Amino acid sequence: MSAPNIGWLGILRLGLVQTALGAVVVLTTTTLNRVMIVELALPAMLPGMLVGFHYAVQILRPRLGYGSDVGGRRTPWILGGILVLAAGGVTASFATALMETNTAGGVALATVAFLMIGAGVSSAGTALLALLATRVSPERRAPAAMVTWVMMIAGFAVTAGTAGHFLDPFSMERLVGVTSVVCALAVVLAFVAVWGVEGEGRESVGAHAQSTPTTPFFQALGQIWDEPKARRFTIFVFFSMLAYNSQDLILEPFAGLVFGLTPGQSTQLGGFQNGGVLAGMLLAALAGRGKLGSLRTWTIGGCIASSIALGNLIVVAGVQELWWESVSESGLWRVGLPVFTLGAANGAFAVAAIGSMMRLASEGQERREGVRVGLWGAAQAIAFGLGGFLGTVGVDAIRYLAGDETAGYSMVFGLAALLFLVSAWLAARVDRAGETDQKYGTATAGS
């Protein structure tokens, strides 16, 4: 007996799991990063390395997705991942505070914490998207993915703005307290949201679990890599995420060093960015519902717009030094508008790419949604880790050679802009026959 499809209420509840994920991730990968660089005056490559560890662990995503495919139930993988993620988030805040008095001990503890964060995100995120791909009706898959992703970005934006308010006046004790409260609330929200959505008992597994392929994992992964569309989409995900994260990890330190923002203000800047991402996603989704463009068009256009927005950020940084240095208006608002624009461009390409991912997840010779979603998640994670590390190392190297804070950040932003242009070209090649020219919300053969 096959399990019933998840309706819109269930989709919204699963979206709250993404909100919980985003709430923890935004603090651990942006705010703690900024505190290490600015307040503790540690090299930018240190948080870059730690966040790189968090992404390196996510190479396990295909294996975790395969595990949920074989078992047929995704809920245990989601809830277990949330618990590990929250524990890692609290541990990371303690580790950052410890670095103030014991740098070596703090770094060692932070390494363990960021490995936990990566494992938690991998398990919960992969199982959640696989659940959507298997239990949501074909015509709702792309909109459902958009809804849940928008809710994750909302978690970023709300947490950044609220936590930023409570972090000032800044202290390490306050940092640990705010992070602990956010992680506890995220666990409660996720458990309430997911409870009972998938169903209980044998009927919740349904025919899908009974027909789960018994092909060994590496053989299954190789077969998926041999699928041309899955392989091309994996390459696109890698380059677009490399572009995204090479600039994302250095944005808050950039705002603090170049524009003089406080920890609370730079955390609020993350709210500007994620608010822009949310606006871009909603714009692309509404345009798609109105038949204004295709998944392919919005993916390519969003990548190009992201490149232009990064160029604008370079210009704003230069103007800050030449003109605004003597102006009394808030540095937060000076950098906030271009960061919002960058977020909107990122959101537009991301929501279209997510729609394509949900369509492609169920395509192929055999239904292996967990492995496919895991493969693309692993490509994203590797690119995120590599991009974050190279971005922070690039800033340190150029700052050392040129003796100029702004030059290092501008160079990395410029390279990210070029990578977004490469990503636009790759997006155009994912479906050369034009299959991705499907309007939002329409099903394709094999979905």
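Fair warning: this is a prediction, and the values are worked out from it, not measured in the lab.
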**Request:** Compare all side-chain heavy atoms of S122 with those of L60 and state whether any distance is below 4.5 angstrom.
**Result:** no
**Minimal non-hydrogen separation, A352 against T299, with atom names** = CB-OG1, 3.1 Å
**Request:** Please tell me if the side chains of M151 and L12 come closer than 4.5 Å, counting only heavy atoms from C-beta onward.
**Result:** yes
**Request:** For the pair R61 (side chain) and L375 (backbone), establish whether a donor and an acceptor sit closer than 3.5 Å, ignoring hydrogens and angles.
**Result:** no
**Asked** What pairs meet the ring pair (Phe, Tyr, Trp, His ring centres under 6.0 Å) rule with one or both residues in residues 14-65, with sequence neighbours excluded?
**Response** Y55-F384
**Prompt:** Is there a side-chain contact (heavy atoms from CB on, under 4.5 Å) between F170 and E39 once you walk through the steps?
**Reply:** CA-CA 10 Å; F170 179 78; E39 275 65 41; 3.8 Å; yes
**Message:** Distance alone, cut at 3.5 Å: any donor-acceptor contact between the side chains of W77 and S123?
**Reply:** no
**Request:** Working to the nearest 0.5 Å, report the span between CG of N33 and OG1 of T28.
**Result:** 10.0 Å
**Residue M411 excluded, over 12 heavy atoms near CE under 6.0 Å** = no
**Asked** Of Y244, F349, F239, F236, which is the lone residue that meets ring pair (Phe, Tyr, Trp, His ring centres under 6.0 Å) with F420?
**Response** F349
**Asked** What closest approach, in Å, do L221 and P62 show between heavy atoms, and which atom pair accounts for it?
**Response** CD1-CB, 4.2 Å
**Request:** Taking R296 for its side chain and A428 for its backbone only, find out whether a donor-acceptor pair lies under 3.5 Å.
**Result:** yes
**Asked** Just wondering, do L310 and I314 contact through their side chains at under 4.5 Å, heavy atoms?
**Response** no
**Asked** Stepwise, does the side-chain contact (heavy atoms from CB on, under 4.5 Å) test hold for V237 with F233?
**Response** CA-CA 6 Å; V237 168; F233 191 72; 3.6 Å; yes
**Message:** What verdict does the side-chain contact (heavy atoms from CB on, under 4.5 Å) test give for T179 and L175, after you've listed the backbone C-alpha separation in whole Å, the side-chain angles of each residue and the deciding distance to 0.1 Å?
**Reply:** CA-CA 6 Å; T179 304; L175 175 68; 4.2 Å; yes
**Request:** Can you measure from CG (L85) to SG (C183) and round to the nearest 0.5 angstrom?
**Result:** 7.0 Å
**Asked** Hey, does Q18 have a side-chain heavy atom less than 4.5 Å from the side chain of L128?
**Response** yes
**Item:** Nearest heavy-atom neighbours spanning L421 and S307
**Value:** CG-OG, 3.6 Å
**Message:** Which heavy atom of V412 sits nearest to which heavy atom of G391, and what is that distance?
**Reply:** CG2-O, 3.6 Å
**Asked** Does some side-chain heavy atom of L426 sit less than 4.5 Å from a side-chain heavy atom of R232?
**Response** no
**Prompt:** Sequence neighbours excluded, which residues qualify as ring-ring contact (aromatic ring centres under 6.0 Å, His included) partners of F254?
**Reply:** F259, Y409, F413
**Asked** Within a strict 4.5 Å, meaning less than it, do heavy atoms of the R372 and W376 side chains meet?
**Response** yes
**Message:** Less than 4.5 Å apart, side chain to side chain, heavy atoms only: is that true for Q58 and V121?
**Reply:** yes
**Asked** What do you reckon, is CG of L83 surrounded by more than 12 foreign heavy atoms closer than 6.0 Å?
**Response** yes
**R13 (side chain) donor-acceptor with A193 (main chain) under 3.5 angstrom** = yes
**Asked** Can you tell me how far CG of N346 sits from CE of M281, rounded to the nearest 0.5 angstrom?
**Response** 9.0 Å
**Message:** Just verifying a value: how many Å separate L115 CG and T91 OG1, rounded to the nearest 0.5 Å?
**Reply:** 11.5 Å
**Item:** Reported CZ-to-CD distance for the pair R135 and E198, which is rounded to 0.5 angstrom
**Value:** 6.0 Å
**Item:** Smallest separation among heavy atoms of L32 and A92, with atom names
**Value:** CD1-CB, 3.7 Å
**Request:** Let me see the working for L313 and Q247 under side-chain contact (heavy atoms from CB on, under 4.5 Å), right down to the final yes or no.
**Result:** CA-CA 11 Å; L313 200 58; Q247 50 85 20; 5.9 Å; no
**Prompt:** Side chains of I382 and M241: closer than 4.5 Å at any heavy-atom pair?
**Reply:** no
**Message:** Testing the basics here: between P338 and N312, what is the closest heavy-atom pair and its distance to 0.1 Å?
**Reply:** CB-ND2, 3.6 Å
**Approximate separation, where rounding is to 0.5 Å, of L16 CG and T148 OG1** = 10.5 Å
